[in-house]
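Supplied in C-alpha cells, the structure appears directly below.
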There are 2 protein chains.
Amino acid sequence: MGLVIHMAYLDRVFHCLSDGTRRAVIAQLASGPASVGELARRHHMALPSFMKHIRVLEESEVVISRKTGRVRMCQLRPDALTAAQGWLERERRVWETRLDQLDSFIETLSEKENARGNR
Amino acid sequence: MGLVIHMAYLDRVFHCLSDGTRRAVIAQLASGPASVGELARRHHMALPSFMKHIRVLEESEVVISRKTGRVRMCQLRPDALTAAQGWLERERRVWETRLDQLDSFIETLSEKENARGNR
DNA sequence: GAGATATTTAGCCGGATGGCTTACTGTCTT
DNA sequence: AAGACAGTAAGCCATCCGGCTAAATATCTC
C-alpha cells in the first residue's frame, strides 16, 4: 500500500528528470538558489511555460520554493535525487550480482570441461 | 553537438524509467532474460499494450531483444542504467560540494562573529 | 497613487503516451 | 494441412505534455 505511493513518487521523479530544461534547472540550482525569473532567463522560454517546469520540479519534491515579496526563490531539496539514485543502485546491484553468478557458473562449466578434457 | 544527442538520450532513459510497468520489467530482467510473453503475463495487460513498453525499453537502450522462431527473448543491456546513474551522481556531487562550501562559509562567518564579539 | 516588476492564472494547440480491440503473420505441433 | 501459439500491425480513444498568448494579481519604487 505504501508501495503504491512509492511507485507514484518514482514515476514523478523520473518524469521530472526526463526533460532537458528541468535537468538544466537542477544543474543550475545545484550551485545555489535562484529566483524563477533568473532561472527562466537562461531558457529561451515564456515565463508561464517555464513555471510549469517549476511546478513539476516541486511536485516531484526535487525543488522547494518560497515567495518573499514578489519574487519566488527556488532551491534544491537536500535529498532531491536520493530516491531516483536509490532505485537505480538497487537495480544495478541485483543485475551485477546476477552477472557475477553467471560468470562463476560459466567458470564452473569450463572447469568441468577441463576436467573432462583431462580424463 | 554530441551534447544534444546526449541530452536526447537522457530524455529517453529517464522517460523510460518514469513508468512503473517498465521499472518492473527492468527489475525482473535484472534477474535473468525472459520472453515478451512471460513478461506480459505478470502485468495484467493486453500483449499489444505491453509491446509498446518493450519498444520504449529498447529505444532507450535499456533492453535488447532477439527473436528466435516465434518467441522474442529480452534481456537488460550490460550498461543499461549507467547513463542515468552517471548524471545523477555528477549532479549530486556538485550539490554536495556546494553544501560543504556553504558550511565552511558559515563557519568562517561565525568565526568572524566571534572575533568581533571578542573586540 | 502611478507605473514598473515578478509572477500567476486561464485557456488554446499540436503531438506524445498508454491503454484497448481486432485482424494478420509467422512458427510450432500433431 | 489444420490448429494452436507468440508476436505484430493498425488504428481508436482519453489524457497528458510542453510550448504559446493574453489578462490578472501582487509588490516594489518614485
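In what follows, chains carry the letters A, B, and so on, assigned in the order in which the sequence lines appear, proteins first and then strands, with residues in each chain numbered from 1. Source: prediction; values computed, not measured.
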- request: Apply side chain to side chain contact (heavy atoms under 4.5 Å, CB included) to B/P48 and list each qualifying residue two or more places apart in sequence or on a separate chain.
  value: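 Side chain to side chain contact (heavy atoms under 4.5 Å, CB included) check on B/P48 returns B/A46.
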
query: Do A/R70 and C/dT5 share a donor-acceptor pair, side chain to base, under 3.5 Å?
result: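 Result: at least one qualifying N/O pair found.
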
message: From the set D/dG19, C/dG19, D/dG7, return the single nucleotide nearest to any side-chain atom of A/M45.
response: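 For A/M45, the side-chain atoms sit closest to D/dG19.
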
query: Only one of A/V25, A/L76, A/T21 forms a side chain to side chain contact (heavy atoms under 4.5 Å, CB included) with A/L57, so which one is it?
result: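 Only one option passes, and that is A/V25.
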
- prompt: Just how far, in rounded Å, is P of D/dA9 from NZ of B/K52?
  reply: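 Rounding to the nearest Å, NZ of B/K52 and P of D/dA9 are 13 Å apart.
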
query: A/K67 or A/A46: which one's nearest nucleotide on DNA chain D is closer to the 5' end?
result: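 Final value for this comparison: A/A46.
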
message: Testing the basics here: between A/L81 and B/R92, what is the closest heavy-atom pair and its distance to 0.1 Å?
response: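 Of all heavy-atom pairs spanning A/L81 and B/R92, the closest is CD1-N, 4.5 Å.
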
query: Of the candidate nucleotides D/dC20, D/dA9, C/dG18, which contains the atom at the shortest distance from the side chain of A/P48?
result: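 Minimum distance to the A/P48 side chain belongs to D/dC20.
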
- request: Could you state the atom-to-atom distance from CG of A/L47 to C1' of D/dA24 in whole Å?
  value: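 Nearest whole value for this atom pair: 15 Å.
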
message: Side chain of B/H53 only, heavy atoms from C-beta on: which candidate in D/dC20, D/dG7, C/dG19 is closest?
response: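 The answer is C/dG19.
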
- request: Report which part of the nucleic acid A/H15 touches: base, sugar-phosphate, or nothing (heavy-atom distance under 4.0 Å, all strands).
  value: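 Contact class for A/H15: sugar-phosphate only.
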
query: What does B/R22 touch in the nucleic acid at a heavy-atom separation under 4.0 angstrom: a base, only the sugar-phosphate, or nothing?
result: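 Answer is sugar-phosphate: B/R22 comes under 4.0 Å of backbone atoms only.
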
- prompt: For A/S49 and D/dG18, is the shortest distance between a side-chain N/O and OP1 or OP2 below 4.0 Å?
  reply: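 False: A/S49 side-chain N/O out of range (4.0 Å or more) of D/dG18 OP1/OP2.
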
- prompt: In terms of hydrophobic clustering (I, L, V, M, F, W, Y; side-chain heavy atoms under 4.5 Å; direct or indirect links), are B/F14 and B/Y9 co-clustered?
  reply: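 Result: yes, single cluster for both.
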
task: Send over the distance from A/F50 CZ to D/dT21 C1', rounded to a whole Å.
output: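 A/F50 atom CZ is separated from D/dT21 atom C1' by 18 Å.
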
